[in-house]
**Student:** 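One structure follows; several queries about it will come next.
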Protein chains: 2
Amino acid sequence: MKTPKISEAVIRRLPVYLRYLQHLRDLNITTVSSHELGQNLDMNPAQIRKDLAYFGEFGRKGIGYDVQYLIEKIKQILKLDRRLNVALVGAGNLGTALSNYNRYTNEKLKIVAIFDSFEEKIGTQVGTLEVLPIELLPKMVKELDIKMGIITVPATEAQKVADQMVDAGIKGILNFAPVILKVPLDIPVRNADVTTELESLAYYVD
Amino acid sequence: MKTPKISEAVIRRLPVYLRYLQHLRDLNITTVSSHELGQNLDMNPAQIRKDLAYFGEFGRKGIGYDVQYLIEKIKQILKLDRRLNVALVGAGNLGTALSNYNRYTNEKLKIVAIFDSFEEKIGTQVGTLEVLPIELLPKMVKELDIKMGIITVPATEAQKVADQMVDAGIKGILNFAPVILKVPLDIPVRNADVTTELESLAYYVD
DNA sequence: TAGATTGTTAATCGATTAACAATC
DNA sequence: TAGATTGTTAATCGATTAACAATC
């Protein structure tokens, strides 16, 4: 094991670094310093160096970081170098919107199945995927080796869906419903509730 | 000023408390202890008490907190007791989905205008709102006293939209585009990028 | 009164930042 | 070589948790 215990804060910054590095690569920039990264991402350069140093020595003293190399390394750390299949439950407006994100997303990380419990939704087409009945979740998780789940159902349904996901063997959940989900300790959950975000912003406004 | 300097972490927890308290109220529960809250929200009771104590003495020793009273107090703190108008820019799939959140959202916090720069979108109906050309943003911000903005445009457009929002006088931004926005220090920004969330979850999965 | 629970201080824990030797 | 920048240790800063007197 190379990793001691990395804090969640560190892990959450890695995708931000990754995104900006990919942007630099698109601009044909081959080398970048922690100072430049810090300037553009509004972060402390020491923090960036420290974050990266948890996982190895990726830079060169006096030079900086090779953009392409660092991209590859961060992808390895985040396990974005291998296929990661995602299930989405809740084929409403938000679910449909997110399923279109597939295109922008890293090609290794993909929504491969969409579920709903609402009779009328089932069988409808969302992008290239057909909405399946939630009952098929366990079967599809096994068949497609689905590792993560996105919850875009109403708050009242969210806990039930989370339970079903966990039972089916899903290992991580991105939850858009405004509830705190009860899941086993080893299943990470990210909450992405829009109302909560807006309400906390309200404090600073006016 | 009652408030010294409250950390963002505290402010971000308040909407979570609020939501659960509203849930308790719906269940006709009138009193709750920090211990019970902690159990249900997966938080430390001392933290909850401390968070609330920054703003006043809302509980009763030996008893706990009055649910209805605490709801009102938190709403006051977050300024959710007054009207807060929001503009959304980017009438794509995600923007459309979010505008429907209007219904679930606190009635005081409302999306009151939707903008896009794409010719074909302008004039189309999203819920009860007509999509307006982005050029009208400054005018509408003034007319409707809009305080916050939601950005749901592609990454390439996001900075430009943020600049336009700031120029128009918007005081807080919820950004769904995968970029770090450059805005004046006094304008709070929340990033709610789905890809970033999923990528950081990937680390913990499998 | 005895039991419960707050508000708050003190202790702990963890994360961020500064500083600098190593080195390209 | 001189200048730049990393990796890493030490210092600082801030946030969380424990503990407990006050009190309902």
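Not measured: the values here are computed from a predicted model. Computation of the quantities below employed the complete heavy-atom set of this structure, encompassing side-chain atoms and omitting hydrogens, waters and symmetry-equivalent molecules. Throughout, protein chains are lettered first and strands after them, A, B, ... in sequence-line order, and every chain is numbered starting at 1.
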**Student:** Can you tell me how far P of D/dC24 sits from CG of B/D66, to the nearest Å?
**Tutor:** 16 Å

**Student:** When Watson-Crick pairs (N1 to N3 and N6-O4 or O6-N4) and G-U wobble pairs (N1-O2 and O6-N3) count only below 3.5 Å on both distances, what is the dot-bracket string of DNA chain C, with | for other-strand pairs?
**Tutor:** ..||||||||||||||||||||||

**Student:** Going by distance alone, is a donor N or O of one side chain under 3.5 Å from an acceptor N or O of the other, for A/D163 and A/Q159?
**Tutor:** yes

**Student:** Tell me which residues in residues 29-49 of chain B lie within less than 4.0 Å of DNA chain C, going by non-hydrogen atoms.
**Tutor:** B/S33, B/S34, B/R49

**Student:** Can you give me the closest heavy-atom contact between B/A113 and B/F115, atom names plus distance?
**Tutor:** CB-CE1, 3.6 Å

**Student:** May I ask you to decide if B/V67's main-chain N or O and B/T31's side chain share a donor-acceptor pair within less than 3.5 Å?
**Tutor:** no

**Student:** Under a 4.0 Å threshold between the charged nitrogen and the carboxylate oxygen, would B/E157 count as salt-bridged to B/K160?
**Tutor:** yes

**Student:** Assuming nearest nucleotide by heavy-atom distance, tell me which of A/R13 and A/G62 is located more 5' along DNA chain C.
**Tutor:** A/R13

**Student:** Would you kindly give the OH-to-P distance between B/Y17 and C/dT6, to the nearest whole Å?
**Tutor:** 12 Å

**Student:** How many whole angstroms separate atom CD1 of B/I63 from atom C1' of C/dG7?
**Tutor:** 15 Å

**Student:** Specify the separation, in whole Å, of atom NZ of A/K61 and atom P of C/dC20.
**Tutor:** 17 Å

**Student:** Take atom CG of A/L52 and atom P of D/dG7, then tell me their distance rounded to the nearest Å.
**Tutor:** 8 Å

**Student:** Less than 4.0 Å between a side-chain N and a carboxylate O, is that true for B/D145 and B/R83?
**Tutor:** no

**Student:** Of the options B/I150, B/I114, B/V86, B/V126, which is the one that meets B/L98 in a side chain to side chain contact (heavy atoms under 4.5 Å, CB included)?
**Tutor:** B/I150

**Student:** Please give, in whole Å, the distance from D/dG7 P to A/F58 CZ?
**Tutor:** 9 Å

**Student:** Can you find a side chain N or O atom of A/Y65 that sits less than 4.0 Å from OP1 or OP2 on D/dG7?
**Tutor:** yes

**Student:** Do A/L109 and B/E199 have side chains that approach each other closer than 4.5 Å (heavy atoms only, starting at C-beta)?
**Tutor:** yes

**Student:** Rounded to whole Å, please give me the gap between OH in A/Y54 and P in D/dT9.
**Tutor:** 11 Å

**Student:** Using a 4.5 Å cut-off on heavy atoms from C-beta on, say whether the side chain of A/Y54 contacts that of A/I77.
**Tutor:** no

**Student:** Taking NZ from B/K50 and C1' from C/dA10, how many angstroms apart are they, rounded to a whole number?
**Tutor:** 10 Å

**Student:** Between A/Q76 and A/E72, is any side-chain donor less than 3.5 angstrom from a side-chain acceptor?
**Tutor:** no

**Student:** Would you mind telling me which of C/dC24, C/dG7, D/dC24 lies closest to the side-chain atoms of B/E57?
**Tutor:** C/dG7

